Amino acid sequence: MATAVGGKVRVAPRGTERADLWWLEPLITVVVLGGFVLYTTWAMVFGSDHYFADPYISPFFSPCIATNCVDGYRFIPWAFSPAFLIAIFPLAFRLTCYYYRKAYYRSFFWSPPACAVPDAPKSYQGETRFPFLIQNLHRYAFWPALVVVVFLWIDAIKGFAYHGHFMIGLGSLVLLANALLLTTYSLSCHSCRHLVGGYLDMLSRHPLRYRLWRRVSFLNEHHMLIAWCSLIFVAFTDVYVRLASAGVILDPRVVF
Amino acid sequence: MAAVAERPAGGPSASASAAGQTVTMRIWRGDAAGGAFQEYTVPLEEGMVVLDVVHRIQAMQANDLAVRWNCKAGKCGSCSAEINGKPRLMCMTRMNTFEPGKVITISPIRTFPLIKDLVTDVSFNFQKAKEVPAFKPKPLDPDGKRRMYQEDVDRVQEFHKCIECFLCQNVCHVIRDHEENKQSFAGPRLFVRLAALELHPLDTNDRRELLKYKAGLGFCNITKCCTEVCPEHIHITDNAIIPLKERVVTEFYDPLAWIARKLSGRDPRKGIVE
């Protein structure tokens, strides 16, 4: 039924005429993203017993800079899980990411749950007020996340060395793929696209920045896909290292 | 609610067996005083789009049915409506994309005041457009000409595809579900317009303050519905709204950018000395 709202007619004001499975996408996001957050929290809080399986280290703990690390750089006195010192940076990067904002505003906040489906909250301020105002500092989450990615590449390279010998193990390839995916995710970021040249009105005057901007723009078109792939794979990498460290699985490897 | 269903693209065509078939449409009838959905059943023919069926209903059963249309080619942006709850152009929605025998629901776009039946008053968008500072070009080159290079033009070209159907404005939950935000939010169509000017290689107007305060860019939580419904497939969120948000961040939220601006005295976008 129609209801007059402030002199205008709204058709079925609190409902939607959509009869397709509009709720499926937010549901999948809640399951996958919520599952990732729960798993990451568990790994950070309770999972510090099995994050290193020589020569592999879990990406949640790398670079391992706490003095209580099993392996790594070990220079910050720390009594808690070493992951707290590191994982917070990539997590902040994902939390403020333009794509994930869409995903969780839709799925967790129902603002809106799907297109042309009414918002759940009665009032709405968007990103004009605290805490969502902080989303504007996404670029400041980008740089630390990029530094972490550099260390993940170092880990991936170390994953091909075992006590002075070159080796190839399944874990080496997993760490390599993880570094590649996280690099692609970081470089396809919208803030990165802006910083490499998007801020310019006349890209033609800056050929190098124009080329960089074109390449980042290409990656940026696939940012959502890369975001999900890298999210799932980084959790898989942690699981792999954890199972190898606990002796649940045997890492198949060839040592030269 | 009546059962509605859509056939996935590429599925078997209803038009192949359209001869002798009928279609039932549930169309919103009413005006500012109120209204209700009414059902109409009319013959279906091969190649029809939703607008054809609405016209047939208008011709055969409801002569007073109000519907706005013009080109019937997806270029004038007049026939925007909500088809089975999804904002679409009626002239670009083929009947063979629906499952035969299912009722199709057509309602007016909901974000704007209803005039009659499927016609709404979209003047909100034109009022907001008046607030956008016009193009203000740089001085002429010494030879009396202005030059733009393809690299710079490519980026803003996309924005000029907009046909002003206002489906993006309609689907944007900031004003669709929160009427009170209309005062302080311009909407995706206007952000596309602002991006076309703000990213233009020859323009000298600075619209960042307007974007933050008057156009309410911060209200957008980039849920991308505007991009999803755009019949011209403009990447509204990725190529217009987010680049504008990043520029607003540089101007108002980024402390390092502020320090750099103060030290150099230059606007990094255009190389202009402030």
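Here is the naming used below: chain letters follow the sequence lines, and residue numbers restart at 1 for every chain. Computed from a prediction, not measured in an experiment: that's the story for all the values here.
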Does the side chain of [X] reach to within under 4.5 Å of the side chain of [Y], using non-hydrogen atoms?
X: A:His190; Y: B:Lys245; answer: no
X: A:Leu133; Y: B:Tyr253; answer: yes
X: A:Gln125; Y: B:Phe219; answer: yes
X: B:Trp28; Y: A:Glu17; answer: no
X: A:Arg106; Y: B:Asn221; answer: no
X: B:Val249; Y: A:His138; answer: no

Pick whichever of [options] has the most heavy-atom pairs under 4.5 Å with chain A.
options: B:Leu199, B:Ile242, B:Val171, B:Leu217; value: B:Ile242
options: B:Val156, B:Thr223, B:Val229; value: B:Thr223
options: B:Glu228, B:Glu180, B:Lys224; value: B:Glu228

For chain B, the option from [options] that forms the most heavy-atom pairs under 4.5 Å:
options: A:Tyr105, A:Trp22, A:Tyr98; value: A:Tyr98
options: A:Ser191, A:Ser217, A:Ala114, A:Ser111; value: A:Ser111
options: A:Ser204, A:Ala103, A:Gly126; value: A:Ser204

Which atoms of [X] are under 4.5 Å from chain A, going by heavy atoms: the side chain, the backbone, both sets, or neither?
X: B:Asp254; value: both
X: B:Asn239; value: both
X: B:Leu256; value: both

Near [X] [atom1], under 6.0 Å, is it more than 12 heavy atoms from other residues, nucleotides or ligands?
X: A:Arg215; atom1: CZ; answer: no
X: A:Phe80; atom1: CZ; answer: no
X: A:Leu27; atom1: CG; answer: yes
X: B:Phe135; atom1: CZ; answer: yes

Interchain contact, [X] with chain B, by part (heavy-atom threshold 4.5 Å):
X: A:Arg129; result: neither
X: A:Tyr140; result: side chain
X: A:Trp213; result: side chain
X: A:Leu203; result: both

Value rounded to 0.5 Å, distance of [atom1] in [X] from [atom2] in [Y]:
X: B:Glu151; Y: A:Arg211; atom1: CD; atom2: CZ; value: 10.5 Å
X: B:Asp238; Y: A:Asn220; atom1: CG; atom2: CG; value: 5.5 Å
X: A:Asp201; Y: B:Thr204; atom1: CG; atom2: OG1; value: 10.5 Å
X: A:Arg214; Y: B:Arg155; atom1: CZ; atom2: CZ; value: 12.0 Å
X: B:Asp154; Y: A:Tyr210; atom1: CG; atom2: OH; value: 5.5 Å
X: B:Ile222; Y: A:Lys102; atom1: CD1; atom2: NZ; value: 10.0 Å

Is it the case that the side chain of [X] and the backbone of [Y] share a donor-acceptor pair, with hydrogens and angles ignored and the cut-off at 3.5 Å?
X: A:Asp119; Y: B:Asp177; answer: no
X: B:Arg247; Y: A:His194; answer: no
X: B:His173; Y: A:Ala116; answer: no

- Task: Determine, step by step, whether B:Glu246 and A:Arg139 satisfy the salt bridge (Lys or Arg N to Asp or Glu O under 4.0 Å) criterion, reporting the C-alpha distance in whole Å, the side-chain angles of both residues, the deciding distance to 0.1 Å, and the verdict.
- Result: CA-CA 9 Å; B:Glu246 285 293 319; A:Arg139 63 182 63 171; 2.8 Å; yes
